[in-house]
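Everything on this sheet refers to the single structure shown next.
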Amino acid sequence: MPGTTEELLTISGTAEEIIYKNPDNGYIVLMMDIDGSPETVVGTLGDIVEGESLILRGTYGASAKYGKQFKAVTCERKLPTTAEEIRRYLGSGIIKGIGPAMAKKIVASFGEESLDIIENDPKRLTALKGISVDKALYIGTEFRKIAGIRTIIEFLQKYEISPLTASLVWKVYEGESVRNVKENPYLLCEGDFSVDFSVADRMAADLGLSMFSSNRIKAGITYVLRENSFAGHTCVPRTQLCEVVCSLIRIDEDDFDKALFEGIGEGIFSEIETIHRQYIFLAEYYNAETYIAKKISTMLKLSAPLDKDYSDDIAGIEWEENIHYEDLQKAAINAALGNNIFILTGGPGTGKTTTLNAVIKICEMKKKKLLLAAPTGRAAKRMSELTGRPAKTIHRLLEVDFSSKSGKPKFKHNEKNPLNADIIIIDEMSMVDALLFEALLRAIKLESKLIMVGDSNQLPSVGAGNVLRDLIATKLIPTVELKEIFRQAAQSLIITNAHKIVHGEMPELDERKKDFFFMNTASDEETAKLVIDLARTRLPKTYDYSPIDDIQVLSPTKMGTAGTKELNRSLQLALNPPSHMKKEIRFFDSVFRVGDKVMQIKNDYDVVWKKGGESGTGIFNGDIGIIFEVDVSNSLLHIDFDGRRSVYTSEMFSKLDHAYAVTIHKSQGSEYKAVIMPLTLYSNNLLYRNLLYTGVTRAKEILIIVGSREAVTRMVENNKKTNRFSCIKALLNENYEDNANE
């Protein structure tokens, strides 16, 4: 097993008592009889029941609750053979309809042949009172199903593939599971299975399958495209893809071309040829980008010419609010109101919110129905605070359909059930990825108005795509960029330095009397130590900030002494140390404790939350919460996400991370009173301008950069725009030209 240095031991015996079982991930705690001596066993072993004979491989360890225990890595099951073992096995409830009393009757009648009869001649069970023909056949079917699941579990366990994944395979292929996997191990890389390509490749080699099979090559192409999507690319140039795949799986270009052609024919891949080069997509991203281009070109075609002047409405707002709009703001308000689709962009302090509020007020005066949304919960909350109107996350706006069995989010609002709104306003558009934008557009009626607000100089979305920047780059969508920094905002060094950074100028680092501070350190260790001191002592003492609620540490990277992983360990110890008054649960190398600040790191559409009398579902990537209760005996965490309270079971812990320190990328859409940003040369490959800009603009009142002046200089000078492969610009231009020619 990877990372295991201890020699694995083998033990065998009978499962005597199941102490704890998690049906979702297969984790189990059981008491095992080994030659008459009881042993505690733990491990992700699947649906073991009492009476089973087991052969386990693993190592011995110790638990505060259970004492000495055997930590099993692999498990080989053997059906019970003695009458007593069979009675206990059937009486465990493994087959619905057979309880302890019925198990006793079956074994009394058929003895050690009981299981063989259930599997191969279940009608003989009708000789017993209480078992009809239908029930007997049902018992036989269920037993064969259990046997099948266990067969696929044991087959995959040799490759350290979890029982949970094996169960998912069974749900799809049922009795054909083992045969299908043996014929094509690479199907395990697909869908919800998510088995690493290297594992499937090792299995294929063991099975003697050809390394030049089209299944292997298509899986290799899928793997490379999927890995690139995690890096933000919706597609990859064909030549580059060919080079990487051929090198990775040791094939030549002809083999690649044949498999790619076959995959395109099967709908696994898609190809787009622009004037520059050919791009290859996974189908979902091709469908997303082609739909985005088609829908927006149609909206542009239907958009009314900007022939209405809203000057009187703007003047009325100025008089009512005792405010004066700059000429560019007035132009933005006119353009937003006069077009079906519009983009408002600009940096901090340039009046985006003031402009947007004017648009909202005029729309309300004209009795238009508005919907406001943003990509994350924090961004939606901030939008609501700035506009004084309710705002939702885009996911909540579209409403997740939980009847979907695809494992991917489906939304209730779409072309057949569009959003009931005249105007839809989306804030923080730089965070919106291609798949989410496609879903949003599908839910917008052609006669509705879409206003997108964002800062294109910030980092692109965590998900694949570069939507806002691509849309602006087409120059087809009416766009206004606000550039002038307002007088009041110009008093903030955070804002003026942010604009300097965008223009490639060094920020003012030596000013000590404003809101932007730089503290030089000689090493990464000194940087981390100072960050902790600032968060725990100096900022709370000087500004009366709460270390949990008001201060946020943002790092460019997870790794290194000043990365989020190590800083979270140190900050947890400094800000929320262990105490007999605070319960905690250990999860692998993490400890979740009452009072901990945590972040959701993966969208989960099934999490139930309650907020006062309201309830709903869904906690999403980037949401931050506080653990307010820990139920150790049932392995539960009670977490408050800005008033939405949820209960997390142990199988959900992997979707949580501590959030005393988070990456700058994860902080998008949020603002904090105080930001501490460690910048060192450790993360040299992450030292680029828009990362620094995004981090700086997260701070509302105080920003402190701790670390290396050289790191700041490198970031300012490196204008790497986080280039991403995408075809939205090319597709939209092509669709728009086609519409214009119709």
Side-chain angles (χ1 to χ4, degrees), residues 1-4 22-27 43-47 57 73-77 145-230 241 244-245 248-251 255-256 259-260 262-264 266-269 280-285 404-408 602 651 654-655:
M1 186 175 182
T4 300
N22 185 322
D24 295 305
N25 63 10
Y27 182 80
T44 306
L45 306 176
D47 192 20
R57 296 185 74 234
V73 175
T74 65
C75 171
E76 182 182 341
R77 294 170 173 80
K145 176 182 173 183
I146 293 163
I149 292 173
R150 293 189 174 180
T151 301
I152 189 66
I153 286 174
E154 289 183 12
F155 176 71
L156 295 179
Q157 202 166 46
K158 291 181 286 187
Y159 299 93
E160 293 158 21
I161 297 172
S162 72
L164 176 60
T165 300
S167 298
L168 292 173
V169 173
W170 174 267
K171 283 182 183 177
V172 175
Y173 299 110
E174 295 186 337
E176 300 297 306
S177 294
V178 173
R179 184 178 68 80
N180 286 346
V181 170
K182 283 184 175 181
E183 287 180 358
N184 179 17
Y186 301 102
L187 62 79
L188 296 172
C189 303
E190 301 169 3
D192 293 337
F193 309 147
S194 300
V195 171
D196 191 86
F197 177 82
S198 62
V199 176
D201 215 24
R202 179 158 56 92
M203 190 184 300
D206 289 350
L207 293 166
L209 301 180
S210 170
M211 67 178 292
F212 301 105
S213 74
S214 63
N215 284 335
R216 178 176 186 265
I217 300 170
K218 284 184 288 187
I221 296 170
T222 300
Y223 172 76
V224 173
L225 289 172
R226 185 70 64 199
E227 288 296 305
N228 274 275
S229 75
F230 297 150
L241 179 66
V244 173
V245 172
L248 177 72
I249 65 175
R250 305 179 305 283
I251 59 168
D255 296 318
F256 171 86
L260 179 64
E262 187 177 308
I264 290 172
E266 293 169 349
I268 302 171
F269 314 121
I280 306 300
F281 290 75
L282 289 172
E284 62 182 328
Y285 291 109
S404 169
K405 302 298 182 184
S406 67
K408 295 179 182 177
K602 188 176 181 182
E651 64 272 12
S654 61
K655 296 176 184 176

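Side-chain atoms are counted along with the backbone in the values below, which use heavy atoms only and exclude waters and symmetry mates.
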If you measure from [atom1] on [X] to [atom2] on [Y], what distance do you get to the nearest 0.5 Å?
X	Y	atom1	atom2	answer
Tyr285	Ser229	OH	OG	4.0 Å
Ile280	Phe269	CD1	CZ	9.0 Å
Lys182	Phe155	NZ	CZ	5.5 Å
Tyr186	Thr222	OH	OG1	12.0 Å
Leu241	Leu225	CG	CG	5.0 Å
Glu262	Asn215	CD	CG	7.5 Å

May I have the step-by-step check of side chain to side chain contact (heavy atoms under 4.5 Å, CB included) for Val199 and Leu188, ending in yes or no?
-> CA-CA 9 Å; Val199 176; Leu188 296 172; over 6 Å; no
Taking only residues two or more places apart in sequence, or in another chain, which ones meet Lys655 in a salt bridge (charged side-chain N to carboxylate O under 4.0 Å, His left out)?
-> Asp604
Can you name the nearest heavy-atom pair linking [X] to [Y], along with the distance?
X	Y	value
Trp170	Ile152	CB-CG2, 4.4 Å
Ala200	Val195	N-CG1, 4.4 Å
Ala283	Gly267	CB-O, 3.4 Å
Ser214	Ala259	O-CB, 4.3 Å
Phe212	Asp255	CD2-OD2, 3.6 Å

Please report the C-alpha distance between Leu156 and Met203 in whole Å, then the side-chain angles of each, then the deciding distance to 0.1 Å, and finally whether the side chain to side chain contact (heavy atoms under 4.5 Å, CB included) criterion is met.
-> CA-CA 9 Å; Leu156 295 179; Met203 190 184 300; 3.8 Å; yes
Backbone of Ile249 reached by a side-chain donor or acceptor of Arg216 within 3.5 Å | yes
Set of side chain to side chain donor-acceptor pair (under 3.5 Å) partners for Tyr159, sequence neighbours left out |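 Side chain to side chain donor-acceptor pair (under 3.5 Å) list for Tyr159, sorted by chain: Asp206.
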Using a distance-only test with no angle check, is there a side-chain donor-acceptor pair under 3.5 angstrom linking Ser198 and Asp196?
->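 Looking only at side-chain atoms, Asp196 and Ser198 do form a donor-acceptor pair, the distance falling under 3.5 Å.
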Could you go through the side chain to side chain contact (heavy atoms under 4.5 Å, CB included) check for Ile221 and Ile268 one step at a time?
-> CA-CA 10 Å; Ile221 296 170; Ile268 302 171; over 6 Å; no
